[in-house]
Amino acid sequence: MIPTQMLKGVLDGCILAVIGRRETYGYEIAEMLRGYGFGRIAEGTVYPLLLRLERGGLIEATYRDSAAGPRRKYYRLTAQGQEALRAFWAHYRALSSAAEALWQDTEGKSDEQTH
Amino acid sequence: MSKRTDRLLKENNEQEKRLNAENRRVLTDIVVYLRASNISPWRQELVRRDIRQMLADGEARGEDAAAVIGNDYKAFCDSVLAEIPPMSRGERLLGLVRDLLLGTAALAGVRLFSGALSSALDGGWPRLTVTAGDLASAALILAGASALFAVIGRGAFGGRAADRRLFALFFGFWLACACLSFFLRRPLLHVHVLAAAAVPLMLLAAYRLLDRKLD
């Protein structure tokens, strides 16, 4: 399970990425994240982040009747959100390759020595 | 409140009845907490609608409120409130004035009724006597009502300890008001009953006017 503190830094960007795939709603976002291996994230954790993204103009919401029954709030990316998503991936990949390089240089080497 | 807020409030009240008893209880606590927060009534109703729909969706899936929101409802509310723009100082001030207008109109109405009754019995009709105690206890009641509202809101998830604090506060204010009315009997002014009747009506009209302007 990914520690909450570690998750916090990337969850906004990951939610943007999920919404970028297709228009979707809170519970579905939490389920899709779980499907990608982020662990169980309550809809109550996702909701405040959606409010933040909406407030920042990165996503916009519309209320619609859902196929399954009750009206739901569906979110989609705005042009500003698409830009923010591209920036998120660029930053994430830079962070990821830096952490990977560090791991290779420290933990990776010690792993090789033990084998 | 504005028409759009009023419409959404009614829709939320109506739809909330469809939730099961436990979800209704949780949502009531959340709404009480939101009411005491520094966000506008319109935004309170928007958040209330979102949370109600989250709970309704969860209920349809067979999940309880804790599974949908998480175990700490207060932390959830705080994280939601942190993402909503707070009211400006001007909006807060106007909201306070609006609430005071309504409270004062209600108190003036009650005082008018009791004053008219005692004036008729004492033979002073059609003039009413306003004492220093009347004004002081009215001010205390308004201050007490604001304090109670804040305590109820902050203690929404507090359980029995919050209930006891609330009872103590309520009793304290009641006692203080009774003492003020009893000891401060010096007449300040005598007014005609028709002039006195205009006061709550004017306050109510001012309240309505301001309430429609505010979200």
Side-chain angles (χ1 to χ4, degrees), chain A residues 1-5 7-9 11-13 15-16 19 23-35 38-76 78 80-81 84, chain B residues 4 7-8 11-12 14-20 23 26-27 29-31 33-34 37 39-40 42-87 157:
Chain A
M1 190 172 164
I2 306 166
T4 312
Q5 283 303 320
L7 203 56
K8 270 185 180 170
L11 207 49
D12 289 33
I15 289 173
L16 275 183
I19 297 172
E23 203 177 42
T24 181
Y25 57 95
Y27 176 71
E28 197 174 54
I29 293 168
E31 282 299 290
M32 284 169 83
L33 288 171
R34 186 160 72 136
F38 284 87
R40 194 189 181 286
I41 299 169
E43 198 179 349
T45 305
V46 173
Y47 178 63
L49 300 176
L50 290 169
L51 286 175
R52 184 189 304 169
L53 296 171
E54 196 180 355
R55 186 182 173 186
L58 305 185
I59 57 173
E60 53 191 14
T62 44
Y63 267 96
R64 280 211 314 270
D65 290 333
S66 69
R71 280 166 71 80
R72 286 200 183 111
K73 198 174 182 183
Y74 284 86
Y75 300 93
R76 64 170 172 273
T78 61
Q80 202 182 333
Chain B
R4 67 172 185 173
R7 265 200 303 272
L8 188 53
E11 182 195 316
N12 280 334
E14 200 51 44
Q15 295 292 326
E16 209 171 295
K17 291 177 191 163
R18 298 185 185 182
L19 293 173
N20 67 32
N23 278 338
V26 171
L27 188 56
D29 286 348
I30 289 174
V31 170
Y33 194 74
L34 292 176
S37 71
I39 62 171
S40 71
W42 167 241
R43 290 185 193 279
Q44 286 176 24
E45 290 305 319
L46 286 176
V47 169
R48 184 182 171 199
R49 176 176 66 181
D50 289 348
I51 298 172
R52 171 177 58 73
Q53 286 182 333
M54 279 162 57
L55 292 173
D57 264 1
E59 203 175 302
R61 295 190 301 268
E63 291 179 356
D64 62 7
V68 175
I69 289 173
N71 289 313
D72 190 341
Y73 301 139
K74 185 176 176 298
F76 166 70
C77 287
D78 288 337
S79 63
V80 168
L81 289 171
E83 304 304 337
I84 297 173
M87 285 191 289
F157 305 108

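Letters A, B, ... mirror the listed sequences (proteins, then strands); counts begin at 1.
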**Asked** Side chain, backbone, both or neither: which part of A:Arg55 has a heavy atom under 4.5 Å from chain B?
**Response** side chain
**Prompt:** Under 4.5 Å between any side-chain heavy atoms of B:Val47 and A:Tyr47, yes or no?
**Reply:** yes
**Asked** Considering only heavy atoms, which portion of B:Ala82 lies under 4.5 Å from any heavy atom of chain A: side chain, backbone, both, or neither?
**Response** backbone
**Message:** Give me the atom names and distance for the closest heavy-atom approach of A:Pro48 to B:Val80.
**Reply:** CG-CG2, 4.0 Å
**Item:** Residue B:Glu63 versus chain A: region with a heavy atom under 4.5 Å
**Value:** side chain
**Prompt:** Looking at A:Gly44, A:Ala30, A:Ala61, which one has more heavy-atom pairs under 4.5 Å with chain B than the rest?
**Reply:** A:Gly44
**Asked** Should the heavy atoms of other residues, nucleotides or ligands under 6.0 Å from CZ of B:Arg18 be counted, would the total exceed 12?
**Response** no
**Asked** Looking at A:Leu49, A:Leu51, A:Leu50, which hits side-chain contact (heavy atoms from CB on, under 4.5 Å) with B:Glu83?
**Response** A:Leu51
**Message:** Looking at every non-hydrogen atom in both residues, tell me the closest pair between B:Asp57 and A:Arg72 and how far apart they are.
**Reply:** OD2-NE, 2.8 Å
**Fill in**
Checked B:Ser79, B:Gly70, B:Ala66 vs chain A; the most non-hydrogen pairs under 4.5 Å come from B:Ser79
**Request:** Would you mind checking which part of B:Ile84 comes under 4.5 Å of any heavy atom in chain A, side chain (CB onward), backbone (N, CA, C, O), both or neither?
**Result:** both
**Message:** Measuring only between side-chain heavy atoms, which start at C-beta, is A:Tyr25 closer than 4.5 Å to B:Gln53?
**Reply:** no
